[in-house]
There are 2 protein chains.
Amino acid sequence: MEEKDISQAVISRLPRYFRYLGELRDEGVERISSQELSELMKVTASQIRQDFNNFGGFGQQGYGYNVEFLYKEIGKILGLDKTHNLIVIGAGNLGQALGNYMNFEKRGFILRGMFDKNPDLHGKAVRGIPVQPMENIESFVRENNIDIAVLTIPKTSAVDVAEVLVNNGIKAIWNFAHVDLNVPEGIQVENVHLSDSLMKLSYNLERYNKENTK
Amino acid sequence: MEEKDISQAVISRLPRYFRYLGELRDEGVERISSQELSELMKVTASQIRQDFNNFGGFGQQGYGYNVEFLYKEIGKILGLDKTHNLIVIGAGNLGQALGNYMNFEKRGFILRGMFDKNPDLHGKAVRGIPVQPMENIESFVRENNIDIAVLTIPKTSAVDVAEVLVNNGIKAIWNFAHVDLNVPEGIQVENVHLSDSLMKLSYNLERYNKENTK
DNA sequence: AAAATAATGTCAATGAATTGACACAATAAA
DNA sequence: TTTATTGTGTCAATTCATTGACATTATTTT
């Protein structure tokens, strides 16, 4: 498995392939050509082949791709064959929603701890995992082999908490706080800036309306 | 305001500019050069100037950009000077989290209705907005000038609900369901596929670990 | 078993996005 | 008022991403 330097554009498309292949597999489809898949997903067949080839040939000329095999391979590329230990920091609605989401567990992302600064929430459990005070984060991260921290706290505290996490060995942060975290090289941050997404929708909405009313 | 065809790559960056400019304004900064902003935001100055110029010149040679003015202009481009009426469909944790998020209201996105198929939730209020049964969606959308529907329901029902929405005049859908909606031309869809985002983080985490353990 | 068909992997061509360079206009300094 | 500096707007160059084309190899049909 000699992965070179794959562009993030390609990586961003992998989960979508994974989803479609999973659905095909569930429907009992055994093989599929890039052409068929391209019609289903509304992308070019060329892009599909190009994308898969970044990771070596998964298909066979004259046959196409084996759905089950390809599904599993992409899962492996995405690291879904391994278990990842998660903690959620910020147990408000959003934190609880993410903690409760069963599908993540199905993919190997296991909720190990929840933290909040609000004492009223302490002890309250999300899927059996009790909410702890923020002070516990440091030791918990160190002692429980936590891979990913989910940040669902206001931006005012996010930067500080991120620093604590990094100092205690966190390697990946899924950041829902509306702020850019400044972490050292080698720490992975994936931002989900919901309001950015909503503003983009707003732009496109306005844009289209404007275009079609003149 | 002669907007041509701006690429989505540019649009995606606008909310981040907006955020930084808002913070600068709050700090009392009056002017800023593309060079200074580029250092702050860690992008190239050239990109900043190029981006802004898509919408006409906001700056002045020898001076730079007026923070307040630029902030407001970008807000207008993003449609934040107008009010948008929202409904949230799916009043689980995620739907409630989004419905409760005050910052959206600050930007003109006003929650007008919430819907869920679970009768236990009916009548329960999120910021004064009661949860209604799904059957009410059609008339509510038609009678309340709803611009944006937020879909926080399972993928199994999302496609059908989207169709109902479109049939009743919705122009924009903020889609959190893990499925691709197939809507007619002119209906804006902004997808937030959380599990895709988590998988991308997982890939980058694995990738980096692999690279640094051999 | 041979011929026809299907479909990948890959290279080349095109297109899009980003960066660099600089003329020119406004500001600030002399 | 004149000169020096700053910094935009914009064009050109480069880099990156996508699409198209096709040789090659496997499968299927005759």
Side-chain angles (χ1 to χ4, degrees), chain A residues 1-17 20-21 24 29-74 77 200 203-204, chain B residues 1-17 20-21 24 29-74 77 200 203-204:
Chain A
M1 196 171 286
E2 32 25 269
E3 290 162 36
K4 291 247 251 358
D5 220 30
I6 319 282
S7 82
Q8 288 295 308
V10 174
I11 306 306
S12 300
R13 286 193 291 266
L14 292 183
R16 187 155 179 264
Y17 291 131
Y20 273 85
L21 289 165
L24 287 167
V29 178
E30 274 183 15
R31 56 182 267 192
I32 195 162
S33 67
S34 57
Q35 182 58 41
E36 290 170 293
L37 192 54
S38 83
E39 283 159 18
L40 199 61
M41 296 185 63
K42 291 174 183 147
V43 295
T44 62
S46 185
Q47 179 163 78
I48 291 175
R49 296 203 296 277
Q50 196 79 281
D51 281 352
F52 292 168
N53 255 81
N54 281 295
F55 306 96
F58 294 142
Q60 208 156 23
Q61 294 179 334
Y63 175 88
Y65 299 89
N66 179 291
V67 170
E68 175 76 28
F69 175 74
L70 186 54
Y71 174 77
K72 284 199 176 138
E73 287 300 312
I74 294 179
I77 292 167
K200 192 160 165 249
Y203 171 87
N204 285 321
Chain B
M1 199 169 285
E2 31 26 86
E3 290 162 37
K4 292 246 247 8
D5 220 29
I6 319 283
S7 83
Q8 289 294 309
V10 174
I11 306 306
S12 300
R13 285 192 290 267
L14 292 183
R16 188 155 178 265
Y17 291 132
Y20 273 85
L21 289 165
L24 287 166
V29 178
E30 275 184 12
R31 55 184 267 193
I32 195 162
S33 67
S34 59
Q35 183 57 40
E36 290 170 293
L37 192 55
S38 83
E39 283 159 17
L40 199 61
M41 297 184 62
K42 289 171 185 152
V43 298
T44 62
S46 184
Q47 180 164 78
I48 291 175
R49 294 203 296 276
Q50 197 78 281
D51 282 351
F52 292 167
N53 254 81
N54 280 296
F55 306 95
F58 293 141
Q60 209 157 22
Q61 293 178 332
Y63 175 88
Y65 299 89
N66 179 290
V67 171
E68 176 76 27
F69 174 74
L70 185 55
Y71 174 77
K72 285 200 175 136
E73 285 302 311
I74 294 179
I77 292 168
K200 193 159 164 250
Y203 171 87
N204 284 320

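Note: CD1 (A:Ile32) to P (C:dA7) measures 11 Å, nearest angstrom. C:dA7 atom P lies 13 Å from atom CD1 of A:Ile48, rounded to whole Å. As a whole-Å value, the separation of B:Asn53 CG from C:dA17 P is 17 Å. Counting to the nearest Å, the C1' atom of C:dA6 and the CD atom of A:Gln61 are 10 Å from each other. As rounded to whole Å, 10 Å separates atom P of D:dG9 from atom CZ of B:Phe52. Per the geometry, CG belonging to B:Asn54 stands 16 Å off P belonging to D:dT8, to the nearest Å. Across the protein-nucleic acid pair, A:Leu37 atom CG and C:dG9 atom P stand 13 Å apart, rounded to whole Å. For the pair A:Arg31 CZ and D:dT27 C1', the interatomic distance rounds to 8 Å; values are reported in whole Å.
Judged by distance alone, the side chain of A:Asn53 and the main-chain N or O of A:Gln50 form no donor-acceptor pair under 3.5 Å.
OP1 or OP2 of C:dT8 has at least one side-chain nitrogen or oxygen of A:Ser34 nearer than 4.0 Å. For the pair A:Gln60 and D:dA26, the criterion of a side-chain N or O lying under 4.0 Å from OP1 or OP2 is not met. Applying the 4.0 Å criterion to OP1 and OP2 of C:dG9, one finds that A:Tyr65 has a side-chain N or O inside that range.
With DNA chain C read from its 5' end, the first of the two nearest nucleotides for B:Tyr63 and A:Ser33 is the one closest to A:Ser33. Nearest-nucleotide assignment on DNA chain D puts the 5′-proximal partner with B:Gly57, out of A:Arg13 and B:Gly57. In this structure, B:Arg49 and A:Ser7 both approach DNA chain D, and ranking their closest nucleotides by distance from the 5' end singles out B:Arg49. Residue-to-nucleotide proximity on DNA chain C shows that, of A:Gly62 and A:Gln50, the 5′-proximal contact is made by A:Gly62.
Within 6.0 Å of atom CD in A:Glu68, more than 12 heavy atoms from other residues, nucleotides or ligands are found, so the atom counts as buried in its surroundings.
Side chains of B:Ile6 and A:Tyr203 form a contact here, defined as non-hydrogen atoms less than 4.5 Å apart.
Taking every heavy atom of both residues into account, A:Tyr17 and A:Phe52 meet most closely at CD1-CE2, 3.7 Å.
A donor and an acceptor atom sit less than 3.5 Å apart, one in the side chain of B:Ser46 and one in the base of C:dG20.
The one candidate from B:Glu39, B:Arg49, B:Gln47 that meets the side-chain hydrogen bond (donor to acceptor under 3.5 Å, both in side chains) condition with B:Ser34 is B:Arg49.
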